[in-house]
Amino acid sequence: MGRILLIDDDPDIRFVARLALRRGKHEVTAVEGGAAALALLDQGLQPDLVLCDSMMPEMNGVETLLAMRARAQFAATPFAFLSARAQPAEVEQGLKLGACRYLTKPFEPHELLGAVNSILAGLALAARGTMTP
């Protein structure tokens with residue numbers, strides 16, 4: 001269905017999320033940080049959606065999002081935060097910076113899959129011109 005780039009420094013989160021998304025027939029590339037994700041993007045990876053933790057040690061989610069947006073070919077790539085930080089101000093900041101969704105941890109695998117499917121379905125509808133702004 002979709003090509004997902006999953007960025008999270010927690011190996012357990014990567015494992016559970018990857019498993020849930022693969023069960024939904026998505027192709028998942030998982031990395032532990034923003035720098036590794038940017039390296040893959042620079043090597044030609046073209047995800048349909050990026051799921052990114054907001055709290056990571058070397059490069060946080062906001063820094064990762066801004067670095068992606070600075071690359072013209074990824075300026076419009078859908079980006080969703082997947083974070084344990086769910087304070088309204090943090091959610092608002094993430095959305096103002098251009099994230100399409102702000103998903104929270106802990107999550108149930110089926111809920112994560114449902115959210116990803118919803119995002120990708122919305123993108124497919126928009127691409128066909130059946131959604132109006």
Please enumerate all residues that pass side-chain contact (heavy atoms from CB on, under 4.5 Å) together with Asp42, with sequence neighbours excluded. Arg71

Which atom names give the shortest non-hydrogen contact between Phe79 and Gly61, and what distance separates them? CZ-O, 3.8 Å

Side chain Asp48, main chain Arg3, donor-acceptor under 3.5 Å: yes

Which other residues belong to the hydrophobic cluster containing Met1, where Ile, Leu, Val, Met, Phe, Trp and Tyr are joined when side-chain heavy atoms lie under 4.5 Å apart, directly or via other members? none

Residue list, side-chain contact (heavy atoms from CB on, under 4.5 Å) with Val31, at least two apart or on another chain: Leu5, Ile7, Ala36, Ala37, Leu40

Got a list of side-chain donor-acceptor pairs under 3.5 Å for residues 112-127, not counting sequence neighbours?
unit_1, atom_1, unit_2, atom_2, d
Asn117, OD1, His26, NE2, 2.7
Asn117, ND2, Leu113, O, 3.4

For the CD1 atom of Ile4 and the CG atom of Leu49, what is their distance to the nearest 0.5 Å? 4.5 Å

Can you check side-chain contact (heavy atoms from CB on, under 4.5 Å) on Met68 and Leu38, steps first, answer last? CA-CA 7 Å; Met68 278 186 60; Leu38 294 172; 3.8 Å; yes

Got Cys100 and Leu95 here, is their nearest side-chain heavy-atom distance under 4.5 Å? no

Quick check: do Val91 and Gln87 have side-chain heavy atoms less than 4.5 Å from each other? no

Within the side chain of Arg69, is there an N or O that forms a donor-acceptor pair under 3.5 Å with the backbone of Thr77? yes

Could you grab the distance from atom CG of Asp9 to atom CE of Met59, nearest 0.5 Å is fine? 13.5 Å

Residues, nucleotides or ligands: over 12 heavy atoms within 6.0 Å of Glu32 CD: no

For residues 13-22, which residue pairs qualify under side-chain hydrogen bond (donor to acceptor under 3.5 Å, both in side chains), counting only residues two or more places apart or in two chains? none

Does anything in residues 52-64 pair up under side-chain hydrogen bond (donor to acceptor under 3.5 Å, both in side chains), and if so which pairs, sequence neighbours excluded? Asp53-Lys105, Ser54-Ser83

Kindly indicate, with the supporting measurements, whether the criterion side-chain contact (heavy atoms from CB on, under 4.5 Å) is fulfilled by Phe107 and Val16. CA-CA 10 Å; Phe107 59 86; Val16 171; 4.0 Å; yes

Could you walk me through whether Phe81 and Leu51 pass the side-chain contact (heavy atoms from CB on, under 4.5 Å) test, one step at a time? CA-CA 6 Å; Phe81 282 105; Leu51 288 176; over 6 Å; no

When you look at Gln46 and Phe74, which way does the side-chain contact (heavy atoms from CB on, under 4.5 Å) test go after all the steps? CA-CA 8 Å; Gln46 294 287 327; Phe74 301 109; 3.8 Å; yes

Let me confirm one number: the CD-OG1 distance from Glu90 to Thr104, rounded to the nearest 0.5 Å. 12.0 Å

Are the side chain of Tyr102 and the backbone of Arg85 linked by a donor-acceptor contact shorter than 3.5 Å? yes

